*Asks:* 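Here it is, the structure, as structure tokens.
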Amino acid sequence: MDFPLSLVPLPVRLELPGGDDFVLRPGAAITAGPHCQVAAEELAAILRRSTGFDLPIKEASSTGGIALVVDPGLVLEAAAGGPTPAEGYALTSDSSGVVIRGASPAGLFNGVQTLRQLLPADVESPSAVQADWRVPAVGIEDFPRFSYRGLMLDVARSFLDVAEVKRQIDTMVQFKFNALHLHLTDDQAWRIDIRNPERNPSGLDYGALTRLGGTGAVDAPGLGLGPGHPGFYSQAEFSEIVAYAERRNVLIVPEVDMPGHVNAALAAVPQLNANNDAPAMNTTGEVGFSSLDANNPVTYEFAREVIHQLAELTPGPYLHIGGDEALVTPHGEYLALVSEIASMVAEAGKIPVGWNEYAAARIPNDSVIQYWHGSTSATVQKTSDAGASVIMSPAEHTYLDQKYEPSSPIGLSWVEGGPFSWRQYYAWDPARLGVPENRVLGLEGPLWTETVRGGLQADWLLYPRALALAEVAWTPQETRRASALGQRLGQLGARLALQGVAFAPAPDVDWAARPTSPFHDI
Ligand code: TNX
């Protein structure tokens, strides 16, 4: 039986009772109970496109179709003894129909993604095709190991527009990722519109952040690539991304990187500099050369305004303030700046997130530390003394910007032990480095874009490695096997290719189909 071969992440419990398959036929309906409308519409949109069936969404129960239920009292035997899995679901199918019960709308949405993968790969076809729309008889109980399962897009070094970000969301959600961190600012550029506020004591022109800062992008001719893409999100566009993500159970975590990685802000807002002496925009790939000034009152006025506007645009609980690689910020000033900025985040009603360097500063007790590199001691200490939690992004297991092999046309290679195939991103446990499992919120795979030009090249570095990460974040550690994942990746290739995802066909996987390469212009 080869059907479970398309399931990524692998469910916690999968039973094959052996009865007849369910076959989806032209007259079938989707039955949606209370709180099921969004999942029903998402499922219907995919199924209608590829099957050509009408698939009306009905309230009353009918037979011979797909029934969706949200049941907050859902009991999963497979979760006995553990916490109530809010994102959990149960899926059963037999010849009479498919029933998906979610413990919440998010759980139901996850179950719908599993149903997609139980159907033939043609279900991902962009237009109607003839196929035998068969779902094997299964009993699935499923829930995530970690509640935070994220990817990061660095839209600062090279911009991805709203349509490209939405496409990335569409791709990631089928693997049950539920967080998208947007790295909105860096030395090279500033990508989020900040309005000039009514109360503006120093008369700063925030509009210049995007008017000038939005034109920047990385341009490192040494890499043999063209320049990065310029651009920025208006506040309305950012809200459009947030709403699109929210509907699909994805939390947007916006990042404004401070106090380092700020050259674009320094270039746009002269008052942030001593003697108003603004630097020129800088498009090199250098890191660690810029800093906000801890002794300049404008720094705090600026940071507060940016954080408050971003907090208003963000319904989710987290606001990421960077804190990495502030190599020219004197350490005492770094600690003072980060403490102050983190408390501004709390004052704006959000939980601060920062790269692990920031764990050395005084930060609110419920802060989140994103571990990427270097010493773990401050991170471990904050989780044990203060109750902080950790998002694991150890570079050697999650950095999606790294090359696959020395000959990869794009990707960086600074991380020790690289280059890295999907296997390396599968062979680790996020409960590590002395952080207890209950302090690990989850994991995130960052895609830095020094070498990435557009969404299809992003796909190439992300997939298949992000699939390994999706399973690390979801599936119990003891049931994961690399050889079994390799087989499932091969099957998933057919789906990704139909979706137009330009994944990298790893040589150690037997791919059912391959996409078009995104490198014709390199
Ligand atoms: C380090 S990871 C950085 C980024 C670079 C990345 C390239 C981190 C918190 N900072 O500024 O883009 O390496 O891999």
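For ligands, and for the atoms within them, numbers begin at 1 and follow the listed sequence. Quick caveat, the model's predicted, so the values are computed rather than measured. Start at 1 with the first residue, then count along the sequence.
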*Asks:* Decide whether an N or O pair under 3.5 Å exists between Asp154 and ligand 1.
*Replies:*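 No; the residue has no nitrogen or oxygen that sits under 3.5 Å from a nitrogen or oxygen of the ligand.
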
*Asks:* Measuring from non-hydrogen atoms of Arg157 to any atom of ligand 1, is the shortest distance under 4.0 Å?
*Replies:*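 It does, in that a heavy atom of Arg157 comes within the 4.0 Å cut-off of ligand 1.
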
*Asks:* Tell me which part of Glu450 gets within contact of ligand 1: side chain, backbone, both or neither, using heavy atoms under 4.0 Å.
*Replies:*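 The side chain, only.
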
*Asks:* Does ligand 1 have any atom that is closer than 4.0 Å to a heavy atom of His261?
*Replies:*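 Yes, His261 has a heavy atom closer than 4.0 Å to ligand 1.
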
*Asks:* Can you pull out the closest protein heavy atom to atom 10 (N) of ligand 1? Residue, atom name and distance to 0.1 Å, please.
*Replies:*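 The protein heavy atom lying closest is Asp324 OD2, 2.9 Å.
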
*Asks:* What atoms in ligand 1 come closer than 4.0 Å to a heavy atom of Trp414?
*Replies:*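 The list of qualifying atoms is 7 (C), 13 (O), 14 (O).
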
*Asks:* Per the salt bridge (charged side-chain N to carboxylate O under 4.0 Å, His left out) rule, which among Glu471, Glu87, Glu444 passes with Arg149?
*Replies:*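 The residue from Glu471, Glu87, Glu444 that satisfies salt bridge (charged side-chain N to carboxylate O under 4.0 Å, His left out) with Arg149 turns out to be Glu87.
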
*Asks:* Which of the atoms in ligand 1, numbered in the order shown and given with their element, are less than 4.0 Å from a heavy-atom of Leu412?
*Replies:*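 Those of ligand 1 that fall under 4.0 Å from Leu412 are 7 (C), 14 (O).
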
*Asks:* How far apart are the closest heavy atoms of Asp154 and His183, and which atoms are they?
*Replies:*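 Smallest heavy-atom distance, with atoms named: OD1-CD2, 3.3 Å.
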
*Asks:* Would Arg191 pass as a cation-pi partner of Tyr233, given that its NZ or CZ must be under 6.0 Å from the six-membered ring centre and within 45 degrees of the axis?
*Replies:*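 No - Arg191 does not lie over the ring of Tyr233 by the 6.0 Å and 45° rule.
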
*Asks:* Within a distance under 4.0 Å of any heavy atom of Glu325, pick out the atoms of ligand 1 and give their elements.
*Replies:*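 Under 4.0 Å from Glu325, ligand 1 has these atoms: 1 (C), 3 (C), 4 (C), 10 (N), 11 (O).
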
*Asks:* Output, in order, the C-alpha distance, side-chain angles, deciding distance and verdict of side-chain hydrogen bond (donor to acceptor under 3.5 Å, both in side chains) for Gln491 and Ser6.
*Replies:* CA-CA 6 Å; Gln491 295 302 312; Ser6 284; 4.8 Å; no

*Asks:* Centre of Tyr244's six-membered ring, under 6.0 Å away, within 45 degrees of the axis: is that where NZ or CZ of Arg248 sits?
*Replies:*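 Yes.
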
*Asks:* For atom 2 (S) of ligand 1, which protein heavy atom lies nearest, and how many Å away is it?
*Replies:*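 Heavy-atom neighbour on the protein nearest atom 2 (S) of ligand 1: Tyr399 OH, 2.5 Å.
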
*Asks:* Kindly assign one of parallel, tilted or perpendicular to the pair Trp448 and Tyr399, based on the angle between their ring planes and the thresholds 30° and 60°.
*Replies:*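 Answer is tilted, since the angle falls between 30° and 60°.
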
*Asks:* In ligand 1, which numbered atoms sit nearer than 4.0 Å to a non-hydrogen atom of Asp401?
*Replies:*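 Near Asp401, meaning under 4.0 Å from one of its heavy atoms, ligand 1 has 7 (C), 14 (O).
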
*Asks:* Give a yes or no on whether a salt bridge exists between Arg465 and Asp401, defined as a side-chain N under 4.0 angstrom from a carboxylate O.
*Replies:*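 Looking at Arg465 and Asp401, the cut-off is not met.
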
